[in-house]
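Everything on this sheet refers to the single structure shown next.
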Amino acid sequence: MSKPPARVRLADAAFALFDERGYEQTTVDDIAERAGVGRTTFFRHYRSKEDVIFPDHDRLLELIDHRLATSSHSTALVAVSDAVRLVLLHYLDEGDLARQRYALTSKVAALRDREIASVARYQRLFREFIAAWMGDPTKSASLRAELMAAAVVSAHNHVLRRWLRGESADPVAEVDEAMREVLALFPARPTPSGSGGTTVVAFRSAQDLDALLPELRRLMEVGPER
């Protein structure tokens, strides 16, 4: 039976050591030794021991940005819902690793700060997209876009935390329902001049979005190793 890839062995070693010794007491050398690789191999995959815990945020942001960018005026809110669901599916796919991360960030203040900063980046991406969709440069519209983006991120995080704590048997269904409630708060946005009608909020089927998960995995694996 072949050994797991070095990147996976390093992550497994890191979380095991964090649990045994504590985050602050664990060094990069400790992680590399436990994984059976050298420091050079460690830094080929991760920039720091903190990066082992949060390895995929940049790529998830790229995935969200791509999904939002491929929407049209009339499917903008569909894209928001799709993006939220894809992020949740990523964490569900991680399984126990996501739960280990949650437990660790709950105990280490520096990691909580990193997580808060990451959430702010997600919210900013949604805010900028929603503001562009609204097409209203006024101060009040800017505030609405901020509030709407915060609601989107809060809905996702609420469902994710419930799943991480073992309180949700069907987090996908929960996030879909949460997004229906959030998007119902969004103001109806008229379609561009001359097209007539109003924006219609529709949702992909669960089967359609589940079919996107392999693509998410592929996108998370591409790119140069760091």
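FYI, side chains are in, hydrogens and waters are out, and symmetry mates aren't considered; it's all heavy atoms of this structure.
Put simply, CG on Asp29 and CZ on Phe42 are 9.5 Å apart, with the number rounded to the nearest 0.5 Å. Considering CD of Glu146 and CG of Leu143, their distance stands at 8.0 Å, rounded to 0.5 Å. Rounded to the nearest 0.5 Å, atoms CH2 (Trp133) and OG (Ser74) are 11.0 Å apart. Residue Asp93 holds its CG atom at 11.0 Å from CG of Leu88, rounded to the nearest 0.5 Å. Distance check, rounded to the nearest 0.5 Å: OG1 of Thr27 to CZ of Arg21 gives 7.5 Å. Between atom CG of residue Asp65 and atom CZ of residue Phe126 there is a gap of 10.5 Å, rounded to the nearest 0.5 Å.
Here the side chains of Gln100 and Leu104 are not in contact, with every heavy-atom distance at 4.5 Å or above. The shortest distance between side-chain heavy atoms of Glu94 and Asp56 falls below 4.5 Å. Within the 4.5 Å cutoff, the side chain of Val152 has heavy atoms near those of the Met179 side chain. The closest side-chain heavy-atom distance from Ser81 to Val78 is not below 4.5 Å. A 4.5 Å side-chain heavy-atom check between Lys49 and Ile31 finds at least one atom pair inside the cut-off.
With Arg101 as reference, Ile53 is the one residue of Ile53, Leu164, Asp96, Leu111 to meet the side chain to side chain contact (heavy atoms under 4.5 Å, CB included) rule.
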Could you walk me through whether Glu174 and Trp163 pass side chain to side chain contact (heavy atoms under 4.5 Å, CB included), step by step?
-> CA-CA 10 Å; Glu174 280 194 27; Trp163 174 74; over 6 Å; no
Could you go through the side chain to side chain contact (heavy atoms under 4.5 Å, CB included) check for His90 and Leu86 one step at a time?
-> CA-CA 6 Å; His90 167 70; Leu86 285 171; over 6 Å; no
Check the pair Arg180, Glu177 against salt bridge (Lys or Arg N to Asp or Glu O under 4.0 Å), reporting the backbone distance first and the verdict last.
-> CA-CA 5 Å; Arg180 277 190 284 272; Glu177 177 58 32; 3.3 Å; yes
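Side chain of Arg162 to backbone of Glu167: a donor-acceptor contact under 3.5 angstrom is found. Without hydrogens or angle criteria, Asp30 side chain to Thr26 main chain gives no donor-acceptor distance under 3.5 Å. One N or O on the side chain of Thr75 and one on the backbone of Ser72 form a donor-acceptor pair closer than 3.5 Å. Of the possible polar contacts, one joining the Asp170 side chain to the Ala173 backbone as a donor-acceptor pair under 3.5 Å is found. In this structure, the side chain of Arg127 does not engage the main chain of Ala145 through any donor-acceptor pair within 3.5 Å.
Residue pairs that meet the side-chain hydrogen bond (donor to acceptor under 3.5 Å, both in side chains) test with at least one member in residues 105-120, sequence neighbours left out, are Glu50-Arg114.
Between the side chains of Thr138 and Asp136, at least one donor N or O sits under 3.5 Å from an acceptor N or O. Between the side chains of His57 and Tyr122, at least one donor-acceptor pair of N or O atoms lies under 3.5 Å. Using modelled atom types, one finds no donor on one side chain facing an acceptor on the other under 3.5 Å when comparing Asn157 with Ser154.
Here the closest heavy-atom approach between residue Val159 and residue Ala178 is recorded as CG2-CB, 4.2 Å. Smallest separation of non-hydrogen atoms from Tyr46 and Ala11: OH-CB, 3.8 Å. Across Leu10 and Ala32, no two heavy atoms sit closer than the pair CD2-CA, 4.1 Å. Nearest heavy atom pair, residue Ile64 against residue Ala83, reads CG2-CB, 4.0 Å.
A salt bridge between Glu20 and Arg34 is present, with a side-chain N of the basic residue lying under 4.0 Å from a carboxylate O of the acidic one. Salt bridge Arg121/Asp58: present, at least one basic N to carboxylate O contact under 4.0 Å. Between Asp12 and Arg9 no salt bridge is recorded (no basic side-chain N to carboxylate O distance below 4.0 Å).
Every ring-ring contact (aromatic ring centres under 6.0 Å, His included) that Tyr23 has, sequence neighbours left out, goes to Phe18. In this structure, Tyr91 has no ring-ring contact (aromatic ring centres under 6.0 Å, His included) partners at least two apart in sequence or on a different chain.
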